[in-house]
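Remember, predicted model here, so these are calculated numbers, not experimental data. Note that these values count all heavy atoms, side chains included, but never hydrogens, waters or copies made by symmetry.
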Amino acid sequence: MTQAEIKLCSLLLQEHFGEIVEKIGVHLIRTGSQPLRVIAHDTGTSLDQVKKALCVLIQHNLVIYQVHKRGVVEYEAQCSRVLRMLRYPRYIYTAKTLYSDTGELIVEELLLNGKMTMSAVVKKVADRLTETMEDGKTMDYAEVSNTFMRLADTHFVQRCPWVPATENSDPGPLPPAPILVISEKDMYLVPKLSLIGKGKRRRSSDEDATGEPKAKRSKHSTDNKEPIPDDGIYWQANLDRFHQHFRDQAIVSAVANRMDQTSSEIVRTMLRMSEITTPSAAPFTQPLSSNEIFRSLPVGYNISKQVLDQYLTLLADDPLEFVGKSGDSGGGMYVINLHKALGSLATATLESVVQERFGSRCARIFRLVLQKKHLEQKQVEDFAMIPAKEAKDMLYKMLSGNFISLQEIPKTPDHAPSRTFYLYTVNILSAARMLLHRCYKSIANLIERRQFETKENKRLLEKSQRVEAIIASMQATGAEEAQLQEIEEMITAPERQQLETLKRNVNKLDASEIQVDETIFLLESYIESTMKR
Amino acid sequence: MAGNKGRGRAAYTFNIEAVGFSRGEKLPDVVLKPPPLFPDTDYKPVPLKAGEGEDYMLALKQELRETMKRMPYYIETPEEKQDIERYSKRYMKVYKEEWIPDWRRLPREMMPRKKCKKGPKSEKAKDTSKGVSLTNTADVLKKIEELEKRGDGEKSDEENEEKEGGKEKSKEGDEEDDDDAAEQEEYDEEEQEEENDYINSYFEDGDDFGADSDDNMDEATY
């Protein structure tokens, strides 16, 4: 794990789980797999705290445990899973676009809690939805269950590995840790539950959680009374499926940008047809015949078969090679080259970064070297039609930024510089890795800056929160306009402006984090696709 | 390599044109310090994407941040005692739900052992090193009673912390819950503990008494 990744993980863990969990988590990421006592000893925290932290981390699928010989249990952190926490808003928003508010809340609850049983999720989501509905209406459990089942059918949620039910009645010495199993066919099997009920609206006096201990007590008592029908069957959000969806989205929008709407629809149809049949790491989808595609086009689209064939031929002939032709039966068998598509997307990202950082002439040189693979200094000047001095300057700038690399080709065995060719080339994989590393650093910087800004203005923020609370309580008890005005004036105009600036900055930093994460997704997908080969 | 060094004339060993500049040209200055932390950029960054989706994700992100702080998974750092007890602190406490993990899915060592009263005991032990021996006997007796009552092989080692607390430099709570089945044999010596003047750290973990007794003999003969 690079230092940049560790720093980013540390910031994310601290923001979401507090300092103790962060300390334990970062220690595990740095040192690899370790048993409980070593963790406690090395980090200097009490055993109790370490246990709590590990429970939280295991619950959220950030740490896994393994039993080694002599009964020692070792814990290992998953750094890449910690980095996924950046992408939670995107997952939730995607669920919203696909399955509307119910789906959105289901995925949100699963992500916030790590793992949950289906009944718990359904109950919580129904309660939350009931809150937002008008007075008197409630959300039925059945509707939420239906959405949950649809999410499971399309593989967006999956079951967690479970403890196998042991047959022998005499347990003997208990193993130090349960061995969890998972079978492919059971992963999306929804248990047959008959969840009847409606969402409960919380009493309005419980609205703000300050100083209401009875809310806590009542939750406890209801849990203990009812037996949970699907006890032990936990569900988690299937992040890989979301990633597959994002990848498909990226490919479709790339085709739409390059060609037109119709071709992007065709590509979207092809991807949809191969969603479940193609494993996510495959280099290309299963071959689809033109007839099948024609039948599966969305209902509103009425293009004739010949037009479809023409579009497919166009797509297959495109130099970007998103779509390939793999045979002639059934009117032509077409596949989507996923790896090539990801490679093109990563390359486009690199080009755009070079353009924005060094200028359009540099971008021209970069694209030239990409296209011609290896070029000498002189050839670069000639092909790009840029004067020698500037071309050399730009090449060296890109070279020091590691976007371009030099390839030496010696003419003689002694590698004498006067008798060696020096060729400029772009190694996409290493440039992508470099850029990814930079992205991690950027996000870490963004988060730190945001925390700094918030800390600087902490006093002001607290004051404004207090004033808002006062106003809200006064409005509830029915105060006059003049009194409210007076309270609002507690915050002076320059303070208001300061708050405005703070809010704007924090929003900008947050939005930047989300966008950098999109780039991270593209680059990581590309790098992953090259590794699996 | 042992060729002519140019016979008095400076000559480069390679084609200077290939590198990109000609002889006698002014080269840029040598860089003497690391690049600045916040360098000026020639090109301004592109504005962020704006749209309904992005706005929604932004709001979600900020909401999630707030929500996570209120969840039971967010473990607050225990604050040090403040010099002045603030009255308002009592009314500003946020009540969080308790979260109990599913113990069937976790390793057994994760379960907190409720029998140990860690906090008060370890603090007491740190202050009163004199009371160590007394508490030890009491604990050993209590232990024997418990074992008789429960009659199972599990040993929990509460007196561990008093022992370590006797040393001035004990890490707080470091030696609290040693109830792993695998670790039993290492702490067997605690059971046989008597009131003696030997420092606990004298024996390495896993050594038995017999092997070290020769070392002690030297002192005894004096």
Would you mind checking which part of [X] comes under 4.5 Å of any heavy atom in chain B, side chain (CB onward), backbone (N, CA, C, O), both or neither?
X	result
A:Leu112	both
A:Glu518	side chain
A:Gln515	side chain
A:Arg87	neither

- Count the heavy atoms belonging to other residues, nucleotides or ligands that lie under 6.0 Å from NZ of A:Lys378, then report whether that count exceeds 12.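 12 or below, so no.
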
Determine the option with the most heavy-atom pairs under 4.5 angstrom with chain B, choosing from [options].
options	answer
A:Tyr88, A:Tyr234, A:Phe421, A:Phe358	A:Tyr234
A:Gly114, A:Ala53, A:Pro161	A:Pro161
A:Glu376, A:Lys115, A:Gln49, A:Glu22	A:Lys115
A:Val56, A:Asp510, A:Leu111	A:Asp510
A:Arg90, A:Lys508, A:Lys52, A:Lys96	A:Lys96

What heavy-atom pair brings [X] and [Y] nearest, and what distance separates the two atoms?
X	Y	result
B:Glu109	A:Tyr75	OE2-OH, 2.6 Å
A:His16	B:Tyr74	O-CD1, 3.3 Å
A:Ile20	B:Glu76	CD1-O, 4.0 Å
B:Gly53	A:Tyr93	CA-OH, 3.2 Å

- Message: So for B:Arg65, is it side chain, backbone, both, or neither that comes closer than 4.5 Å to the heavy atoms of chain A?
- Response: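 Side chain only.
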
- Tell me, for B:Lys49 versus chain A, whether the close heavy atoms (under 4.5 Å) come from the side chain, the backbone, both or neither.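 Backbone plus side chain of B:Lys49, per the 4.5 Å heavy-atom cut-off to chain A.
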
When rounded to the nearest 0.5 angstrom, what distance separates [atom1] in [X] from [atom2] in [Y]?
X	Y	atom1	atom2	result
A:Gln14	B:Thr77	CD	OG1	9.5 Å
A:Asn507	B:Asp55	CG	CG	9.0 Å
B:Met68	A:Glu15	CE	CD	9.5 Å
B:Met111	A:Cys55	CE	SG	9.5 Å

- Message: Are the side chains of B:Met110 and A:Leu54 in contact, using a 4.5 Å heavy-atom criterion?
- Response: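 Contact flag for A:Leu54/B:Met110 side chains = yes.
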
- Message: Is any side-chain heavy atom of A:Asn113 closer than 4.5 Å to one of B:Met71?
- Response: yes

- Contact list (residues 57-64 of chain B to chain A, heavy-atom gap under 4.5 Å, by number) returns B:Met57, B:Leu58, B:Leu60, B:Lys61, B:Gln62, B:Leu64

- Query: Parallel, tilted or perpendicular: which describes the rings of B:Tyr73 and A:His60, with under 30° parallel and over 60° perpendicular?
  - Reply: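 Perpendicular: the ring planes of B:Tyr73 and A:His60 meet at over 60°.
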
